Protein chains: 2
Amino acid sequence: MVLSKACTYGILATLYVAKENKEFVPIRELSDELHISFHFLTKILQQLTAQGLLISLKGPKGGVKLAKDPATITYYDVIRAIDGDEVFTECVLGLPGCGHEAPCPIHEFWSPTRDLLKTTFVSQSLEESAYQINELKLRLSLGHWNLEEE
Amino acid sequence: MVLSKACTYGILATLYVAKENKEFVPIRELSDELHISFHFLTKILQQLTAQGLLISLKGPKGGVKLAKDPATITYYDVIRAIDGDEVFTECVLGLPGCGHEAPCPIHEFWSPTRDLLKTTFVSQSLEESAYQINELKLRLSLGHWNLEEE
DNA sequence: AATTTATCAGACAAATTAGTCTGATTAAAA
DNA sequence: TTTTAATCAGACTAATTTGTCTGATAAATT
């Protein structure tokens, strides 16, 4: 698995918030719509709040919102806040100190692939995805299509 | 993490066997040289034996050897035998049924990246890496360099 | 001021992955 | 034929990730 579940949940939630484009979305709404455990999602979003990607508000009318313009937040930002950037920097075989000077047997081939992996997430902003979600009516929910309520 | 630890251990072990190029390498030698837990590695190599990538022999002069010409075994073969091929097929956001007809918001961008990921592992054989290990004296061990014995 | 609705904090449980251990089995060598 | 050296089988433990729960805190409404 490239991304942890916590990380994919974090991405789905920030995408939802980006597409809604309103003040403070309650986590309960996110967990209901995306079919993610409320308490688990709460913990994940607290991380994103602590990292400065989200702003939260307690009480009625509370919830979370993006801390910045969604055009300036990339998938990479969210991934790094939850999973760290090890997946984009570490040796795929786990050899300590693997690099150009002391490469593992596939370093030379893995390195460009790893770079593309990073570029893929760096070059996509939440706004671009939010636009596509709205335009193309893309779903974000983890629920299976034929179990979706209308 | 792209590959599980079990998977990286399996790759390192098969690479070691490929570079040694002799009949039946004992797992004890592999675990000592690669600094991997003997019992854990044993279980992993049993999987590879069950999957037909390795042949094992009990008793003195026993151990494991490659079941085929290392030129015909790819990293992808080993990865699939241990981790399965989900990492090469599933949605990076975990959305069930994500695909061309019902894409997730980054399907279009993730898809080629995922393809390169697979291609990277499909196009590298154990023999090619074994050759490089021998020629360039590349290390396989998980031990840190300054802790290595001579 | 009291109530309601939300996040925050942290303990706890379950599931998965990683790692350990003991004994059974098998094959070669003495 | 006995001993020895290896894998095989499976139970067990530890660590990490995932998920659940309860209460404290804060902000808006009544």
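This structure is a prediction, so every number in the text was calculated from the model and none was measured. In what follows, chains are A, B, ... by sequence order, proteins preceding strands, each numbered from 1.
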| said: Please tell me if A:Ser56 has a side-chain N or O lying less than 4.0 Å from either OP1 or OP2 of C:dA6. | reply: no
| task | Report the residue (A:Tyr9 or B:Gln46) whose heavy-atom-nearest nucleotide on DNA chain D is the more 5′ of the two. | result | B:Gln46
| A:Lys61 has an atom NZ; how far is it from atom P of D:dT29, in whole Å? | 7 Å
| Base, sugar-phosphate, or nothing: which does B:Leu45 touch, judged by heavy atoms less than 4.0 Å apart? | nothing
| Residue B:Pro60, side-chain atoms from C-beta onward, closest of D:dT18, D:dT7, C:dA28 | C:dA28
| field | Side-chain donor/acceptor contact of A:Lys43 with base of D:dG19 under 3.5 Å | value | yes
| B:Ile27 CD1 to C:dA27 P: how many Å, rounded? | 15 Å
| Protein-nucleotide distance (A:Asp32, atom CG; C:dA6, atom P), rounded to Å | 11 Å
| request: Ignoring the backbone of A:Pro26, work out which of C:dA6, D:dA6, C:dG19 is nearest its side chain. | output: C:dA6
| Whichever of A:Met1 and A:Val64 has its nearest DNA chain C nucleotide further upstream toward 5' | A:Val64
| request: Grab the CD-P distance between A:Glu86 and D:dT17 for me, whole Å please. | output: 10 Å
| query | Roughly how many Å is it from CG in B:Leu3 to C1' in C:dT17, rounded to a whole number? | reply | 15 Å
| What integer distance in Å separates B:Leu12:CG from C:dA18:C1'? | 16 Å
| said: If the condition is side chain to side chain contact (heavy atoms under 4.5 Å, CB included), which residues does A:Pro26 pass it with, not counting sequence neighbours? | reply: A:Glu29
| request: Under the salt bridge (Lys or Arg N to Asp or Glu O under 4.0 Å) rule, collect the residues that match up with A:Asp83, sequence neighbours excluded. | output: none
| field | Side chain of A:Lys58 (C-beta onward), nearest among D:dT18, C:dA6, D:dT29 | value | C:dA6
| query | Which residue, A:Leu57 or A:Ser4, contacts DNA chain D at a nucleotide closer to its 5' end, judged by nearest heavy atom? | reply | A:Ser4
| message | Side chains of A:Thr49 and A:Ser56: any donor to acceptor distance under 3.5 Å? | response | no
| query | Does a donor on one side chain sit under 3.5 Å from an acceptor on the other, for B:Tyr75 and B:Ser129? | reply | yes
| message | Looking only at the side chains, is there a donor atom on one of B:Glu128 and B:Ser125 sitting less than 3.5 Å from an acceptor on the other? | response | yes
| message | Distance check needed: D:dT20 P versus A:Ile44 CD1, whole Å only. | response | 11 Å
| query | To the nearest angstrom, how far is B:Phe38 atom CZ from C:dT22 atom C1'? | reply | 12 Å
